[in-house]
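Here's the structure, in structure tokens; my notes come after.
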Amino acid sequence: MMDTNLQKDDLTGIIKFIPPLYKQRYQFIKDLVIKYKPKKVADLGCADCTLLWMLKFCKCIEELAGLDIRENVMKEKMHRLSPLPADYLQPSERSLTVTLHHGSVAHKDPCMLGFDLVTCIELIEHLEAAELEKFPEVVFGFMAPAMVVISTPNSEFNPLLPGVTLFRHSDHKFEWDRAQFQSWAVAAATRYDYTVEFTGLGTPPPGTEDVGFCTQIGVFVRKYPKNGEIVNSEKHTEHAYKTVFKAVHPSLKDEKYLQNAVVSEVLFGADIIKRRLLGNFKSECKEHSDGLETKLKFQPFKYFMRCSKNLSLAETEKLDADRSMEPFIDGNTVYIPLAKIFSIPKVNQLCGTFEKLSKLIAGKVALSNDGSAVIVTIEYENEEQEN
């Protein structure tokens, strides 16, 4: 149960919930997602897609689907479900597909099979009697998700809401008290092998606690995996919904985006290694050169030769051996072994294996003739002739 703050204006008698009740309902769902980490979530009666928009930032979710009978309402703000420019610059490690469907919850469609969580926020009170009768079979029997959350107004709270005579909204076909909702929910849970627990949002003012929450909620959990899910899919192949929106967010699970990310990290890492190598190289030249000026103007090949001449035989042999394992300079080119590149944490995390790294950067990054090292050309300004 979520804590709520309630304010009552003594002059008007208007009760205000802080945050507004609709935001509390969405947060209730988000908290469940954070706790149970479902990968596939569907929102029935998604309206302007606000809940879907909130859930797309939950990293556990890989598939979101929305369904509503009012196509125009979905289309008003469905653009919020599209990837942002930043998503292409830094693709997520998870995959995410968001789809919106136009249709009725009274109809079955195989596109709604296989979901972990189905939400129905303030939906059932908008259904006609015939639709409400079909609803349990469609949601619990056919869709059969691991969890279903249904919220609906509690009619016992209505006398506390000024201006409410019969129903809270002109499109509501009914509003149940707690006994009616719980009776319906327990019957549906029993028939389709679910458990159900009840809670709510919107605490009543002091002295009126007996009316219950303003919004009543049923959380249904399937007792055991449904063996007939595949059968359902095979038997019911007719599509009753029309897809009005689909967005596939860039993901590192897509090799195209993974390759771009790996190439970017390799080039970035190679540049850092090159800069460090050149800095160390100049320091070594200072240590082994007696006749050089204190402040060197660096020319890679020229000073490589000078430094080598000042090394002992043992030092030269060690340098030659290390060159097979560590980055080295040859003329105007820096050679960075792939093993060194693979040791970069981000590259290692993205690729997983050395073979995957070699495959992803082939043709995208300049490599040595034998493909064992990344090569980076050193660009420097022409130095003035020494006196």
Side-chain angles (χ1 to χ4, degrees), residues 25-26 28-29 32 38 40-47 49 51-52 64-71 73-74 99-155 167-200 215-223 226 228-229 231-233 235-236 238-242:
R25 289 191 285 262
Y26 293 157
F28 180 88
I29 299 300
L32 280 180
K40 301 178 65 176
V41 180
D43 184 27
L44 309 185
C46 63
C49 309
L51 178 57
L52 294 174
L64 283 171
L67 174 68
D68 206 285
I69 197 67
R70 299 165 299 171
E71 182 177 355
V73 175
M74 282 191 293
T99 311
L100 297 179
H101 305 284
H102 173 231
S104 169
V105 294
H107 299 148
K108 298 176 181 179
D109 192 304
C111 71
M112 284 295 178
L113 292 174
F115 282 83
D116 303 309
L117 169 64
V118 169
T119 61
C120 310
I121 307 303
E122 308 297 285
L123 167 68
I124 60 173
E125 64 272 12
H126 293 273
L127 302 180
E128 299 285 356
E131 295 172 320
L132 182 63
E133 185 177 353
K134 295 177 181 178
F135 178 86
E137 169 58 25
V138 173
V139 176
F140 299 106
F142 179 71
M143 295 181 186
M147 180 180 290
V148 179
V149 178
I150 298 176
S151 78
T152 191
N154 169 22
S155 64
F167 300 143
R168 299 181 193 177
H169 191 280
S170 59
D171 187 60
H172 288 185
K173 308 303 186 292
F174 63 90
E175 289 180 5
W176 283 334
D177 59 28
R178 285 171 291 174
Q180 290 172 310
F181 176 56
Q182 292 178 17
S183 174
W184 175 87
V186 169
T190 302
R191 180 176 179 183
Y192 296 101
D193 295 315
Y194 280 77
T195 61
V196 59
E197 293 184 359
F198 300 99
T199 183
T215 291
Q216 50 186 335
I217 299 174
V219 179
F220 302 77
V221 178
R222 198 172 61 196
K223 291 181 179 178
K226 187 167 179 63
E229 283 180 337
V231 176
N232 280 344
S233 180
K235 282 186 175 182
H236 200 98
E238 181 181 351
H239 290 274
Y241 307 153
K242 180 179 74 172

Option passing side chain to side chain contact (heavy atoms under 4.5 Å, CB included) with S151 (candidates I217, V219, I124, L123): I217
State, yes or no, whether a side-chain contact exists between H101 and C111 at a heavy-atom distance under 4.5 Å. yes
I would like to know whether D43 and Y26 meet side-chain contact (heavy atoms from CB on, under 4.5 Å); could you show each step before the answer? CA-CA 11 Å; D43 184 27; Y26 293 157; 5.9 Å; no
Please confirm whether the backbone N or O of W176 pairs with a side-chain atom of Q216, one donor and one acceptor, at under 3.5 Å? yes
Name the orientation class of the two ring planes belonging to W184 and F181 (parallel below 30°, tilted from 30 to 60°, perpendicular beyond 60°). parallel
To check you understand the geometry: which heavy-atom pair defines the closest contact between K40 and L113, and what is its length? NZ-O, 3.8 Å
Sidechain-backbone polar pair: S183 side chain, A179 backbone, donor-acceptor under 3.5 Å: no
Would you call E125 and R168 a salt bridge, using N to O less than 4.0 angstrom? no
Among E137, M143, H239, E238, whose side chain to side chain contact (heavy atoms under 4.5 Å, CB included) with K108 holds? E137
Would you find a donor on one side and an acceptor on the other, under 3.5 Å apart, between the side chain of D109 and the backbone of Y241? yes
Shortest non-hydrogen pair, H102 vs R70, comes out as CD2-N, 4.3 Å
Can you say whether the rings of H172 and H126 are parallel (under 30°), tilted (30 to 60°) or perpendicular (over 60°)? perpendicular
Checking D193 against R191 for the salt bridge (charged side-chain N to carboxylate O under 4.0 Å, His left out) test, could you report, in this order, the C-alpha distance in whole Å, the side-chain angles of both residues, the deciding distance, and whether it holds? CA-CA 6 Å; D193 295 315; R191 180 176 179 183; over 6 Å; no
Under 3.5 Å, side chain of D177 to main-chain N/O of S155, donor-acceptor pair present? no
Donor-acceptor under 3.5 Å (R222 side chain, A144 main chain): yes
To the nearest 0.5 Å, how far apart are CG in L117 and CG in L64? 10.0 Å
Shortest non-hydrogen pair, H107 vs V138, comes out as O-CG1, 3.6 Å
Closest contact, heavy atoms only, V105 versus F135: CG2-CD1, 3.9 Å
L100 side chain near L52 side chain, heavy-atom distance below 4.5 Å: yes
Surrounding CD of E133 (heavy atoms of other residues, nucleotides or ligands, distance under 6.0 Å), is the total greater than 12? no
If you take all heavy atoms of K173 and D171, which pair is closest and at what distance? NZ-O, 2.8 Å
Check: A146 main-chain N/O paired with D116 side-chain donor or acceptor under 3.5 Å: no
Using the rule given for side-chain contact (heavy atoms from CB on, under 4.5 Å), can you reason through V148 versus Y192, listing the C-alpha separation, both sets of side-chain angles and the distance that settles it, and then say yes or no? CA-CA 12 Å; V148 179; Y192 296 101; over 6 Å; no
If you define the side chain from C-beta out and look only at heavy atoms, does anything of T215 sit under 4.5 Å from F28? no
Using the ring of each side chain (for Trp, its six-membered ring), is F220 parallel, tilted or perpendicular to F140, with breaks at 30° and 60°? tilted
Any donor-acceptor pair under 3.5 Å linking the side chain of S104 with the backbone of A106? yes
Taking E122 for the side chain and T152 for the main chain, is one N or O donor matched with an acceptor at less than 3.5 Å? yes
Quick one: are R178 and N154 in side-chain contact, heavy atoms under 4.5 Å? yes
Could you walk me through whether I29 and V41 satisfy the side-chain contact (heavy atoms from CB on, under 4.5 Å) test, starting with their C-alpha distance in whole Å, then the side-chain angles of each, then the deciding distance to 0.1 Å, before giving a yes or no? CA-CA 10 Å; I29 299 300; V41 180; 5.7 Å; no
Shortest non-hydrogen pair, P145 vs V118, comes out as CG-CG2, 3.5 Å
